[in-house]
2 protein chains.
Amino acid sequence: MPHKKLKLADLAKLAGVSTSTASRALNDNPLIKKETRERVQKLAKEHNFSLNAAASRLRLQKTKVIAVLINLDSETEQSIDDPFLLKVVSDINLAVNRQGYELLLSNSFMAGTDWYGYFIDGRRADGVIVVGQGKQQALIDKAAKAGMPLVVWGDPKTDADYVVVGSDNFLGGELAAEHLIDKGSKNPMFLGDPAHAELSERYGGFCAGAERAGVTATQLLKIDITSQAAYDAINHKLRNDGLDFDGIFACSDMVALGAMKALKERYVSIPNDVHVVGFDDIAMADISFPSLTTIRQDTRQAGELLVKKLLAQLSGQKVSSSQLEIALIERQSS
Amino acid sequence: MPHKKLKLADLAKLAGVSTSTASRALNDNPLIKKETRERVQKLAKEHNFSLNAAASRLRLQKTKVIAVLINLDSETEQSIDDPFLLKVVSDINLAVNRQGYELLLSNSFMAGTDWYGYFIDGRRADGVIVVGQGKQQALIDKAAKAGMPLVVWGDPKTDADYVVVGSDNFLGGELAAEHLIDKGSKNPMFLGDPAHAELSERYGGFCAGAERAGVTATQLLKIDITSQAAYDAINHKLRNDGLDFDGIFACSDMVALGAMKALKERYVSIPNDVHVVGFDDIAMADISFPSLTTIRQDTRQAGELLVKKLLAQLSGQKVSSSQLEIALIERQSS
DNA sequence: CTGAAAGCGCTAACAT
DNA sequence: ATGTTAGCGCTTTCAG
C-alpha cells in the first residue's frame with residue numbers, strides 16, 4: 001500500500017504536459033485552457049497528489065502559515081488551563097483555516113526571544129498572532145520593531161506600536177460595577193490582578209462605574225488569576241475580615257467560580273448576600289449553580305478580526321487596533 | 001529596523017568558511033573543529049541568524065513537525081468546547097516541544113479525506129496525532145493503511161490497525177459503578193452516548209461493575225455529550241419519570257455538571273438523593289459545588305506517551321497501543 | 001578538517 | 001496556450 005510519492009513532474013508526465021503547465025493548472029491559473037486545467041486537476045485527485053509544501057514555500061518565500069503564540073506569564077513551562085484562552089485559540093484556528101492558512105501552535109519555549117528570526121526569517125510562518133499580553137510586553141515590542149507581521153489579543157487601549165484586538169475592558173468594568181450597584185451592592189469588590197494590561201482596564205472601569213453611581217466603598221482583592229487562588233483568597237478574607245463586601249466583580253469567570261465555591265461552602269447566599277459578576281462567559285458560567293452573571297467576550301469575532309488584520313498587514317496595508325463589543329449577560333448570581 | 005535576511009551563505013562568508021562548514025557547525029557536527037563550530041554559532045547568535053526551515057525541509061525530506069488533528073463528530077465546522085479535549089491538546093503541545101518538534105494544529109476541514117496525501121506527501125508534518133476517535137473511524141483506518149505515522153487518542157481496546165493511547169475506560173466504568181453502589185446507590189444511571197468508542201467501554205464497565213455488585217436496576221440515558229444536553233435530559237426525565245434513579249455516572253465532567261445543575265434547581269440533594277460521578281477531572285470538577293467525584297485521566301502522561309509512540313514509529317520501530325491508568329477522585333458529589 | 005557542487009520539488013520569467 | 005529553465009537555501013556526498 002505505501003504508495004510512492006508523486007512529484008509534480010510525474011503528474012505532468014501522466015497528463016502529457018510540462019511541469020509549468022501542471023503547476024499553473026493546479027493553481028487554477030487562467031493562462032491555462034480550461035480543459036487542460038480540469039484534466040490535470042482530475043488526475044491529481046485520482047492519484048492523491050499533493051504539492052510538496054516545503055518546496056513550494058522555499059520557492060514562493062511564503063508559507064501560508066500563521067503562528068499562534070501563547071504568551072503565558074508563568075516562568076515554568078506549563079500547560080494552559082484557562083478554558084477561555086483555549087476558546088480564543090480554537091476560534092482563531094477556525095478563522096485561520098477559513099482563509100486557507102494553516103496554524104502553527106507555538107509558545108515562548110519554542111520561539112525563544114527572537115520571534116522575528118524564528119518565525120519569519122526561519123520561514124515557519126508569514127505572521128504571528130500573540131494571545132495574551134501578560135505582564136511583560138518587551139518581546140512583543142521587540143518583534144513589532146523588527147517589522148514582524150503581528151496582531152495581539154489583549155487590551156486595545158494599550159499604547160504600543162503594535163496592533164491589538166480585544167474587548168472594551170474598561171466598559172466591561174463599568175457595566176459590572178453599575179450592575180452590582182443596581183442590584184443593591186453597597187460594597188463591591190474587585191477580584192483579580194491589575195498588573196495585567198487587560199485587568200487594569202477592567203479595574204479602572206469598575207472604579208469609575210462605582211464612583212459615578214456614588215459608591216466609593218470599593219475594595220480590591222489582588223490575587224493570582226486562577227480559581228484556586230480566588231477560592232483561597234475569599235476563604236482567607238471571610239475568616240479574617242468577615243463578610244465586609246456584598247458584591248464581587250471577578251476578573252474572569254474561573255476566578256468568579258472559585259470565589260463562589262468559597263461563599264457557598266460558608267453558606268453565604270448568592271445573590272442575596274453577595275452579588276457576583278464574572279468576565280468572559282465561558283460555558284461553565286451558564287452551567288454553574290447559581291448560574292453566573294458575566295461580561296461576554298465575543299471570541300468568534302475576535303478570531304475573525306485578529307486574522308483579518310494580520311492578513312491585511314501581510315498584504316501591505318496599514319491597520320490599527322480595534323475594540324470588540326462586550327455585553328453583560330444577566331443570570332442568577334447577581 | 002527591518003533587518004535584511006541572512007542566508008547560510010552570508011553567515012559563512014562572515015565567518016570566513018564555506019557553506020558546508022557553516023551548515024555542519026550549526027548542527028554541531030563533530031567533523032568540524034570545535035573552535036570553528038563555536039565561532040560560527042556565536043556569529044549566528046549575534047546576527048539573529050535562523051535557518052530557512054522551508055529549504056531545510058525540502059532538502060532533508062522531513063519537517064520536524066507533528067500535526068495534531070482534532071477529530072470532531074459534528075458535521076458543521078465548529079470550535080471545540082470541551083475543556084478536557086483542549087487540555088489534551090495543550091499537553092501534547094508540551095510533549096511535542098520537549099522533543100524539539102513543532103505542532104501544526106489541524107482539523108478535518110483542512111486535511112480533507114486524504115490525510116496521508118495532505119500531511120505526509122504534502123510535507124506538512126512527519127506524523128499525525130489524532131485526538132478523538134469519534135463515531136466514524138474510516139478516515140483513520142484509511143490513513144493508517146496508507147502507512148501514515150499515526151497515533152490516536154481514544155480507547156486502547158479498539159481493534160484496529162493503528163496505535164491507540166487512552167485511559168482504561170472499562171475499568172473507569174467499573175470503579176464508578178462500584179463507588180456509587182458503595183455509597184448506597186440502588187438505581188444508578190449512565191449518562192452519555194455509547195456510540196462513541198470510549199464511551200461504550202465506560203458504559204460496559206459500568207454495567208459489569210454494577211452487576212458484579214449485585215445491582216441490576218441500571219438505566220441508560222442516551223444523550224449528546226454536552227452539558228446542555230445533560231441538563232435538558234435530566235430535567236425532562238424528572239418531569240416525566242420522577243426521581244427513579246439515585247446515582248449518576250456521567251460520561252464526562254461537563255455532562256455531570258449539566259446534570260447537577262438540573263438536580264440542584266429541582267432541589268434534589270447531591271449526594272443525599274443522588275450520587276454523582278463524572279469522568280476526566282477537569283479543573284471545574286474541583287471548583288463546582290458540591291465538588292465532583294470523578295475518574296481522573298492523566299492528560300500529561302497521555303501527551304508524553306502519544307508523542308513518544310509517534311516518534312518511535314518515525315524511527316521505524318514497531319509500537320503498540322497502551323492504556324493509561326485512571327484513578328477515582330472522591331469529592332463531595334458522591 | 002574543510003570546500004565544491006549537486007539536487008531536493010516547486011514556480012515564474014522568459015521563450016515559443 | 002504551453003514548454004524550458006533558473007533558482008529559492010539548505011545538506012551532504014565526494015574530493016581534497
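In what follows, chains carry the letters A, B, and so on, assigned in the order in which the sequence lines appear, proteins first and then strands, with residues in each chain numbered from 1.
- Across the interface with DNA chain C, nearest-nucleotide mapping of B/Ser18 and A/Ala9 shows B/Ser18 to be the residue nearer the 5′ end.
- In this structure, the NZ atom of B/Lys64 is 16 Å from the C1' atom of D/dC10, given to the nearest Å.
- Listed by chain and residue number, B/Tyr101 satisfy the side chain to side chain contact (heavy atoms under 4.5 Å, CB included) test with B/Lys64 (two or more places apart in sequence, or in another chain).
- Close to D/dA1, at under 4.0 Å from its OP1 or OP2, lies no side-chain N or O of A/Lys33.
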Please write out the pairs of protein N or O atoms and N or O atoms of nucleotides 5-7 of chain D separated by less than 3.5 Å, giving the distance to one decimal.
| from | atom 1 | to | atom 2 | distance (Å) |
| --- | --- | --- | --- | --- |
| D/dG7 | N2 | A/Arg59 | NH1 | 3.3 |

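- Checking the phosphate oxygens (OP1, OP2) of D/dC10, no side-chain nitrogen or oxygen of B/Ser56 falls inside 4.0 Å.
- Listed by chain and residue number, A/Pro156, A/Lys157, A/Asp168 satisfy the side chain to side chain contact (heavy atoms under 4.5 Å, CB included) test with A/Gln323 (two or more places apart in sequence, or in another chain).
- Overall, the helix from C/dC1-D/dG16 to C/dT16-D/dA1 carries an axis bend of 40° between its ends, with five pairs at each end and the value rounded to 10°.
- Residues from residues 22-31 of chain A that place a heavy atom under 4.0 Å from any atom of DNA chain C, listed by number: A/Ser23, A/Arg24, A/Asn27.
- B/Thr158 meets the side-chain hydrogen bond (donor to acceptor under 3.5 Å, both in side chains) test with B/Gln133; sequence neighbours excluded.
- Remark: A/Thr113 pairs with A/Leu139, A/Lys142 by the side chain to side chain contact (heavy atoms under 4.5 Å, CB included) rule, at least two apart or across chains.
- Within the structure, salt bridge (Lys or Arg N to Asp or Glu O under 4.0 Å) pairs that include any residue of residues 301-319 of chain B comprise B/Arg98-B/Glu304 (at least two apart or interchain).
- Legend: side chain to side chain donor-acceptor pair (under 3.5 Å) pairs involving residues 50-60 of chain A, not counting sequence neighbours, sorted by first then second residue: A/Arg57-A/Glu102.
- B/Ser23 is linked by a side-chain hydrogen bond (donor to acceptor under 3.5 Å, both in side chains) to nothing, counting only residues two or more places apart in sequence or in another chain.
- The closest donor-acceptor contact from the side chain of A/Asn107 to the backbone of A/Met110 lies under 3.5 Å.
- If you check every strand for non-hydrogen atoms under 4.0 Å, B/Leu60 touches sugar and phosphate atoms only.
- For DNA chain C, the outermost nucleotides in 5' to 3' order that have an atom under 4.0 Å from a heavy atom of chain B are C/dC1 to C/dG9.
- In this structure, B/Glu46 pairs ionically with B/Lys42, as a charged nitrogen and a carboxylate oxygen lie closer than 4.0 Å.
- For residues 16-25 of chain A, there are no salt bridge (Lys or Arg N to Asp or Glu O under 4.0 Å) pairs, not counting sequence neighbours.
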